[in-house]
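Report on one structure; see the data block that follows.
No experiment lies behind these values; they were computed from the predicted model shown. When a ligand or atom number is given, it counts from 1 through the structure's own listing order. Note: hydrogens, waters and symmetry copies are ignored here, and every other heavy atom, side chains too, is used.
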Amino acid sequence: MAIKLLLHTCCAPCLIYPYSFLRDQGKEVTAFFYNPNVHPFLEFRKRRETLEAYTENQSIRLISEKQYGLTDFLRKVVFQEKNRCEICYLTRLEKTILFAKKLGFESFSTTLLYSKYQQHDLIASLCNRLSIQHNISFFYNDFRAGWQEGVDKAVEQNIYRQSYCGCIYSEHERYDKSIRKQVTKHQ
Ligand code: SF4
């Protein structure tokens, strides 16, 4: 019988490759949208609605958290901005596991492991740690191998692709030229 896997999903473009990979592995995948890190509200709604439309079109099962989580997210990261990505990953992964356990899934994974722009090793190690803590299996794969394939398919299907990670800090870093210059200087 197929393993039931809950796949934390950050957005539609990042779901394309991991979903097809997992389906080819014989997993019974349900996507789970929970991303209180995405701001401002119109961007959050756009990513959520894009994913909802995509999954409906592709007949992919989806559980979608509709509530906008700005206030709680900011309360978690304020004064810890340098460490915000780890807090952000943990927040999303812990909720995924709680849902997975509550709904009887046997395993979990995340599309965060697809992105070339995320801290892949940190995400994998947090998943491993949470898997042990909560006694649920974690399916690891380096989905970055399918990065270009996923991008090409998203472009082909004209799926909305965001230009910054999600939080208002990342939006600032993406568009403020003075910050971008500093980042480039230190690379
Ligand atoms: S940069 Fe991305 S991963 Fe880091 S806190 Fe912001 S939304 Fe989360």
- request: Looking only at protein heavy atoms, identify the closest one to atom 4 (Fe) of ligand 1 and say how far it is in Å.
  value: Cys85 SG, 2.3 Å
- line: Taking only non-hydrogen atoms of Gln118 and a 4.0 Å limit, the atoms of ligand 1 in range are 3 (S)
- prompt: So which bit of Tyr89 gets within less than 4.0 Å of ligand 1, heavy atoms only: side chain, backbone, both or neither?
  reply: side chain
Minimum heavy-atom distance Lys66-Phe44, with the two atoms named: O-CE2, 3.4 Å
statement: A student checking ligand 1 against Arg84 at a 4.0 Å heavy-atom cut-off should list atoms 1 (S), 5 (S), 6 (Fe)
statement: Checking heavy-atom distances from atom 2 (Fe) of ligand 1 to each of Cys88, Cys167, Cys10, Cys165, the winner is Cys165
message: I'd like to know if the side chain of Ser163 pairs up with that of Tyr175 as donor and acceptor (distance under 3.5 Å, no hydrogens or angles considered).
response: yes
message: Main chain of Tyr164, side chain of Gln162: is a donor-acceptor contact present, judged purely on distance under 3.5 Å?
response: no
query: Is the NZ or CZ atom of Lys102 both under 6.0 Å from the centre of the six-membered ring of Phe99 and within 45° of that ring's axis?
result: yes
query: Relative to ligand 1, is Ser170 under 4.0 angstrom through side chain, backbone, both or neither, heavy atoms considered?
result: side chain
task: Run the contact test for Glu173 against ligand 1 with a 4.0 Å cut-off on heavy atoms, strictly below, and give the result.
output: no
field: Ring-face cation contact, Phe21 with Arg144, 6.0 Å cut, 45° max
entry: no
- request: State whether a side-chain donor-acceptor pair under 3.5 Å links Gln157 with Tyr54.
  value: no
